[in-house]
Amino acid sequence: MAEAVDVAVIGGGIAGISLAYFLSPHRSVTVLERETALGYHSSGRSAAEFAFRFHSAIVGRLAKVSYPFLTNPPAGFTETELLKRRGNLLIADAEKAERLAQVFAEEGAAGPGLERLTVDQAIERAPILNPAYVVDAFYDPDCWDIEAENLLQGCAKGARGNEATIVNKAEVLAARREVDVWILETTAGEVRAKTVVNAAGAWADRTATLFGLKPLGIVPYRRTAITVDLPAGIDVGALPEICEIDEVFYMKPEAGRLLVSPADATESEPCDAQPEELDIAYAAWYLEQATTVAVSHVAHRWAGLRTFASDRVPVVGYSGEKEGFFWLAGQGGFGIQTAPAMGRLAADLVLGNTLAADFGEQGLTAAMFAPGRFE
Ligand SMILES: Cc1cc2nc3c(=O)[nH]c(=O)nc-3n(C[C@H](O)[C@H](O)[C@H](O)COP(=O)(O)OP(=O)(O)OC[C@H]3O[C@@H](n4cnc5c(N)ncnc54)[C@H](O)[C@@H]3O)c2cc1C
């Protein structure tokens with residue numbers, strides 16, 4: 001009978017793989033991923049943005065803890081810069097002008113880097129903007145493109161270098177506990193583990209039920225993105241991210257094209273999410289409203305799931321319901337940009353360590369993430 005590994009991680013997205021990276025120097029780790037490739041689901045479908053604003057205060061602080069790793073990763077982690085400054089242009093039409101002024105007043109006080117722009121200045125930064133749409137704007141320099149695939153692969157390489165095993169085509173189908181070991185039945189055979197980590201993304205609740213645990217109400221929501229070509233003469237790579245002030249839609253350069261998302265959030269079953277025609281049409285419509293670009297052809301379209309706990313804070317920690325079961329779920333729309341912090345935080349909690357000083361400096365505690373708040 002195969003010896004039990006210390007930790008089996010279910011899910012080969014950024015959550016599971018970043019945990020494997022930080023945990024593998026200390027414990028034997030096996031990652032079990034159902035698909036043929038890592039990052040097939042949400043982690044391969046993100047808009048690859050890193051920012052301190054948006055989401056919530058806790059997410060902003062997790063991003064701050066992640067920032068030093070991303071700007072100065074360990075030697076050999078990646079050949080590519082993980083963060084590239086993009087800048088974010090927040091815009092409002094006439095209806096939202098007051099709202100933008102209010103957001104700028106609130107955030108400008110906390111973030112002195114924000115710059116209020118005239119419409120002309122906004123158009124100078126983003127020449128595609130429609131002067132008939134934009135009434136007010138401000139610029140946030142603290143927004144970066146994050147190299148999501150390099151981050152994922154860097155973590156996977158590092159974990160393997162620490163003797164972690166990553167198994168694709170290994171769907172966990174059933175589990176039982178014998179004495180102090182979980183026995184997992186997978187499509188790649190039986191795996192025995194002292195501790196199991198549920199990093200199954202949209203399937204987190206469903207996966208917990210395989211272990212006889214209650215679901216915690218962690219719900220996937222579909223989000224869509226399209227890319228379009230811009231007219232000749234527009235240097236797409238030089239554009240900032242452009243974001244409606246309430247994130248009704250956003251757009252940003254993506255591999256020589258413009259990515260546009262209608263920022264949809266439609267509740268979904270866990271699944272291989274596909275874009276709906278209506279959401280694609282919304283994306284094109286927002287682009288045509290806010291800019292002078294006419295959409296004649298959508299080059300690429302996709303959808304992915306953003307999976308949230310009801311309070312929108314990730315769920316990280318040991319279950320109080322069953323021995324040896326650890327949650328790492330609910331990374332919502334920020335799982336890439338917070339992965340260095342979340343992977344390290346989860347590793348420390350798996351090991352039973354107190355959190356490192358940089359979490360405390362940001363006012364982050366283990367209790368904020370504990371699954372016990374829902375159990
Ligand atoms: C359109 C879109 C835009 C986004 N933009 C951003 C952004 O700009 N910045 C940002 O930080 N985040 C963004 N996100 C969010 C980010 O992508 C997610 O938070 C992150 O990818 C979640 O990672 P994960 O590992 O939890 O989930 P996933 O990547 O979905 O990984 C979970 C894995 O678990 C596997 N699995 C499930 N059940 C089993 C089982 N029983 N056995 C074995 N394996 C199993 C699945 O196959 C899957 O690969 C965006 C998401 C979307 C959809």
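Just so you know, ligand 1 is whichever comes first in the structure, and atom 1 is the first atom listed for that ligand.
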Out of all atoms in ligand 1, which are within 4.0 Å of some heavy atom of [X]? Include the element for each.
X	value
Gly11	33 (C), 34 (O), 35 (C)
Gln331	19 (O), 26 (O)
Glu35	47 (O)
Ala47	3 (C), 4 (C), 5 (N), 6 (C), 8 (O)
Ser46	2 (C), 3 (C), 4 (C), 5 (N), 6 (C), 13 (C), 14 (N), 17 (O), 50 (C)
Ala15	24 (P), 25 (O), 26 (O)
Gln337	10 (C), 11 (O)
Gly304	53 (C)

Within the 4.5 Å heavy-atom criterion, are [X] and [Y] side-chain neighbours or not?
X	Y	answer
Pro340	Tyr21	no
Phe374	Ser310	yes
Arg222	Arg306	no

Can you find a non-hydrogen atom of [X] under 4.0 Å from ligand 1?
X	result
Ala204	no
Phe334	yes
Ala48	yes

[X] and ligand 1 - part of the residue with a heavy-atom distance under 4.0 Å:
X	answer
Leu32	backbone
Leu305	backbone
Ala170	backbone
Ala225	neither

What about Phe104 and Tyr139, are their ring centers closer than 6.0 Å?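 No, they do not, as the ring centres are separated by 6.0 Å or more.
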What orientation do Phe249 and Tyr286 show, parallel under 30°, tilted 30 to 60°, or perpendicular over 60°?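 If you compare the ring of Phe249 with that of Tyr286, the planes turn out parallel.
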Report the member of [options] with the shortest heavy-atom distance to [atom].
atom	options	answer
atom 18 (C) of ligand 1	Gly44, Gly332, Gly333	Gly332
atom 9 (N) of ligand 1	His41, Glu49, Arg45	Glu49
atom 22 (C) of ligand 1	Ser43, Pro270, Ala63, Gly13	Ser43

Please report the closest heavy-atom contact between Met251 and Leu287, naming both atoms and the distance.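 Heavy-atom minimum between the residues: SD-CD1, 3.7 Å.
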Carboxylate-amine/guanidinium contact Arg86 Glu254, below 4.0 Å: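 Looking at Glu254 together with Arg86, the answer is no, because their closest N to O distance does not fall below 4.0 Å.
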Assess whether side-chain contact (heavy atoms from CB on, under 4.5 Å) is satisfied between Trp203 and His41, documenting all intermediate values. CA-CA 11 Å; Trp203 290 266; His41 288 286; 3.5 Å; yes
Spacing of Leu129 atom CG and Leu89 atom CG [to the nearest 0.5 Å]: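 Atom-to-atom, Leu129:CG and Leu89:CG are 6.0 Å apart.
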Check whether any side-chain N or O of Asp348 sits under 3.5 Å from a backbone N or O of Leu355 as a donor-acceptor pair, and report yes or no.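 No, because the side chain of Asp348 does not come within donor-acceptor range (under 3.5 Å) of the backbone of Leu355.
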Would Phe69 and Phe22 count as a ring pair (Phe, Tyr, Trp, His ring centres under 6.0 Å) if you check the C-alpha gap in whole Å, the side-chain angles of each, and the deciding distance to 0.1 Å? CA-CA 12 Å; Phe69 183 97; Phe22 287 105; 5.8 Å; yes
